[in-house]
Amino acid sequence: MMVLMRLDMPGRDLPGAGGEVEVLIVGGGPVGLTARALLERWGVRTLLVEKHRELSPFPRSRLVNVRSMEIFRMLDIAERIRAAAFPPEYGRIRFRDTLHAPDFASAAMIGVNGPVPESPEFGVVTSQDRLEPTLLGAAASQVRFGAELVDVREEDEAAEGVVARFVDHGSGAETRVRARYVLAADGANSTVRARLGIGTTGPGAVGRVTTVVFDADLDHWSARQPAGVYLTSQGSFLPLYPEGGWAWFTPTPEDTEGADWSGRVSRSLGADVAVDVLRVQHWVVNAFVAERFRHGRILLAGDAAHAIPPAGGLGMNVGVADVHNLCWKLAGVLRGWARPGLLDTYETERRPVAHRTLGQAVENSKMMFQVQEVRREQLQAGGAQTPDRVEPPWSEQYFAQLGLVLGVAYRSAAVLAGDGIPPETGTTYVPTADPGHRAPHLRLTDGRSTLDGFGEWFTLLTLAPWEPPAALPWPLRVEVLPAEQADQWGPDPLGALLVRPDGHIAARWSYGPPDGDTLHDALTALTAG
């Protein structure tokens, strides 16, 4: 049963096993909630603290990509997320002069608008306020809403902990929390990052946007040509839920207090439509990567580590992948089968991904602006010769980002690979069994996906049954591949693959599985950091 509590013990330490939690998670958005569920699978004691009194009522992030769905599949919640999401035909963006005008350009969200052969999952269009309750229900560990972090500091080395202070928004009471580690997922304006003095690189704030959540009968303009986003010259219109509801994204005006939001939405629709405004939120579009992801026992994830502009729906998803990379490492250190140096590989592996993702989001924005600029030029020229279509600049590559989503490759001490440099991740994904890459989706002997063989353990993929040595300190399972798949893992012979708990290949052997000593040495090396 989930425990939801207030912080109402002024000046006292929180009660709990041993007077501390193993991991304190700051921030209750999708990234923090995913970390909580992952760590609970490892048996790690956590406390999640969120400054707001409840989950966000705003749609915010709209796309759960195929890699995030693979992670949620491991947490046994992918089907629940899909059940509350739009059907696959909504995995498309449509460009229109107004919402009731025909498309002048369109693009599919590859990996969202239907299954792809590279994965047993596909992404979905769903609003963050529908996703978060499912993530909250995916674990039973304590969550405290309405408590804001005011200070965080690491104790001396002998104490091996971090102390954080929170103030309850209702009572004003102050509470101390002691944890072995802190995972900061408290957003682009992260208090933890600011308190630690960690700077950022990148443009910073690049725009101000207002989200207007409203009800209106717009089905006759959208039902025949569904989309997750209708991008018009008057802003973006997004259907929120399968049963109804809309959001309008527009640049924030100077006078927000006196704005007639119902009138603004109606005028932007370009037709006389009754609009019932429910909520309005103003927010800043940020674009940066933190200079460090780790400060001793405090680690940054999600928007606290990197703020990604929304074009392409990459930001939340890269944060989910952050904690998928990090949580098994935290569990290993806390349970004693990994050395603390393993945590250094988190930044080594994920910070380059953040930079590439930021670059792709900027490129996506440029492509969107380019197609709109071409359309403006067409309309300004006017006349009977105005084309009905704009030739998209992306050649179906907008949202076709499987290379960035599934093709991430790591090089760190947690990967036993030579001196090879992983290829730059682009829009195209080419499955490979090279160390550092996500293990490809293929079928095991019992018909399951290879991805279903990964979890809270290391996995040894072999072509024949094999018994690992007894009494290994690391969690390890063996999965058998059908012999006919041997030639699908690259030009070199395949003897065995050692796959990390996050599904990335840690080591490869060409001629049969490793002997006990070799396997022991490999696991020792890659968990030492």
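These values consider heavy atoms only, across backbone and side chains, with no hydrogens, waters or symmetry-generated copies.
Asp186 has no carboxylate O lying under 4.0 Å from a charged side-chain N of Lys51, or vice versa, which leaves the two without a salt bridge. Electrostatic pairing of Asp151 and Arg195 counts as a salt bridge here, judged by a charged N lying under 4.0 Å from a carboxylate O. With salt bridges taken as basic N to acidic carboxylate O contacts below 4.0 Å, one links Arg82 and Glu121. In this structure, Lys329 pairs ionically with Glu349, as a charged nitrogen and a carboxylate oxygen lie closer than 4.0 Å.
Residues Ala290 and Leu300 come closest through the heavy atom pair CB-CD1, 4.1 Å. Summarising the geometry of Pro30 relative to Glu132, their closest heavy-atom pair is CD-OE2, 3.2 Å, with the distance given to 0.1 Å. Heavy-atom minimum distance, Pro88 versus Gly114: CB-N, 4.1 Å. Closest of all the heavy-atom pairs between Asn286 and Ala188 is ND2-CB, 3.8 Å. Taking every heavy atom of both residues into account, Leu481 and Arg443 meet most closely at CD2-O, 4.3 Å.
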Val480 vs Leu444, test: side chain to side chain contact (heavy atoms under 4.5 Å, CB included). Steps then yes/no.
CA-CA 6 Å; Val480 180; Leu444 298 168; over 6 Å; no

Side chain to side chain contact (heavy atoms under 4.5 Å, CB included) between Ile505 and Leu498: does it pass, once the steps are laid out?
CA-CA 6 Å; Ile505 299 168; Leu498 181 61; over 6 Å; no

Could you walk me through whether Glu347 and Arg292 pass the salt bridge (charged side-chain N to carboxylate O under 4.0 Å, His left out) test, one step at a time?
CA-CA 7 Å; Glu347 178 176 325; Arg292 287 179 290 150; over 6 Å; no

Might you work through the side chain to side chain contact (heavy atoms under 4.5 Å, CB included) test for Val162 and Leu24, ending with a clear yes or no?
CA-CA 9 Å; Val162 182; Leu24 170 67; over 6 Å; no

Could you please spell out the steps behind the side chain to side chain contact (heavy atoms under 4.5 Å, CB included) verdict for Gln128 and Leu55?
CA-CA 10 Å; Gln128 185 171 324; Leu55 297 176; over 6 Å; no

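Rounded to the nearest 0.5 angstrom, Phe166 CZ and Leu149 CG are separated by 4.5 Å. Glu160 contributes atom CD, which lies 9.5 Å from atom CD of Glu20 (distance to the nearest 0.5 angstrom). Taken to the nearest 0.5 Å, the CG atom of Asn189 stands 9.5 Å off from the CG atom of Asp303. In this structure, CZ in Phe145 is found 11.0 Å from NE2 in His52, a value given to the nearest 0.5 Å. Here the straight-line distance linking atom CD1 of Ile81 with atom CZ of Arg73 works out to 12.5 Å at 0.5 Å rounding. If you take CG on Leu196 and CZ on Arg193, they are separated by 10.0 Å, rounding to the nearest 0.5 Å.
Within the 4.5 Å cutoff, side-chain heavy atoms of Met74 are placed close to those of His324. With contacts defined as side-chain heavy-atom distances shorter than 4.5 Å, the pair Leu38/Leu75 qualifies. Put simply, the side chain of Phe288 does not reach to within 4.5 Å of the side chain of Leu358, judged on heavy atoms. Here the side chains of Thr126 and Val64 are in contact, with some heavy-atom distance below 4.5 Å. Using a 4.5 Å cut-off on side-chain heavy atoms (C-beta onward), Val21 and Thr46 make no contact. Two residues are said to be in side-chain contact when any heavy atoms from C-beta on lie closer than 4.5 Å; Glu291 and Thr201 meet this criterion. The side-chain heavy atoms of Leu519 and Leu472, taken from C-beta on, include a pair separated by under 4.5 Å. You'll find the side chain of Val26 stays beyond 4.5 Å of the side chain of Leu183, heavy atoms only.
No donor-acceptor pair under 3.5 Å is formed between the side chain of Ser127 and the backbone N or O of Asp129. Between the side chain of Arg36 and the backbone N or O of Ala139, at least one donor-acceptor pair lies under 3.5 Å. A distance-only check finds no donor-acceptor pair linking the side chain of Ser412 to the backbone of Thr348 [under 3.5 Å]. Between the Glu154 side chain and the Ile298 main chain, no donor and acceptor come within less than 3.5 Å of each other.
Under the ring pair (Phe, Tyr, Trp, His ring centres under 6.0 Å) rule, Trp328 has a single partner from Trp457, Trp474, Trp42, Phe458, which is Phe458. Across Arg180, Arg335, Arg178, a single residue satisfies salt bridge (Lys or Arg N to Asp or Glu O under 4.0 Å) together with Glu22, and that is Arg335.
At most 12 non-hydrogen atoms from other residues, nucleotides or ligands lie less than 6.0 angstrom from CZ of Arg153. For Arg60, the CZ atom is loosely surrounded, since the number of other residues' heavy atoms within 6.0 Å does not exceed 12. Annotation for Glu467: atom CD does not count as buried by contact number, only 12 or fewer foreign heavy atoms lying within 6.0 Å.
Side-chain contact of Arg45 with Ser141: a donor-acceptor pair under 3.5 Å is absent, judged by distance alone. The closest side-chain donor-acceptor pair between Ser449 and His441 falls under 3.5 angstrom. For the residue pair Arg351/Tyr346, the side-chain donor-acceptor check at 3.5 Å is not satisfied. Using a 3.5 Å distance cut-off with no hydrogens or angles, the side chains of Glu479 and Thr459 do not pair a donor with an acceptor. With hydrogens and angles left out, the side-chain atoms of Glu70 and Ser119 include a donor and acceptor closer than 3.5 Å. Tyr410 and Arg500 form no side-chain donor-acceptor contact under 3.5 Å, judged by distance and modelled atom types alone. A donor-acceptor contact closer than 3.5 angstrom links the side chains of Arg144 and Gln142. Side-chain contact, Thr524 with Asp521: no donor N or O sits under 3.5 Å from an acceptor N or O. Residues Trp337 and Thr527 bring no donor and acceptor atom of their side chains to less than 3.5 Å of each other.
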Which side-chain N or O atoms in residues 305-321 pair as donor and acceptor under 3.5 Å with protein atoms at least two apart or in another chain?
{"from": "His306", "atom 1": "ND1", "to": "Gly302", "atom 2": "O", "distance (Å)": "3.3"}
{"from": "His306", "atom 1": "NE2", "to": "Asp322", "atom 2": "OD2", "distance (Å)": "2.5"}
{"from": "Asn317", "atom 1": "OD1", "to": "Asn65", "atom 2": "N", "distance (Å)": "2.8"}
{"from": "Asn317", "atom 1": "OD1", "to": "Ser68", "atom 2": "OG", "distance (Å)": "2.8"}
{"from": "Asn317", "atom 1": "ND2", "to": "Leu63", "atom 2": "O", "distance (Å)": "3.0"}
{"from": "Asn317", "atom 1": "ND2", "to": "Gly313", "atom 2": "O", "distance (Å)": "2.8"}

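A cation-pi arrangement is not found for Arg67 relative to Phe72, the charged atom failing to lie both closer than 6.0 Å to the ring centre and inside a 45° cone about the ring normal.
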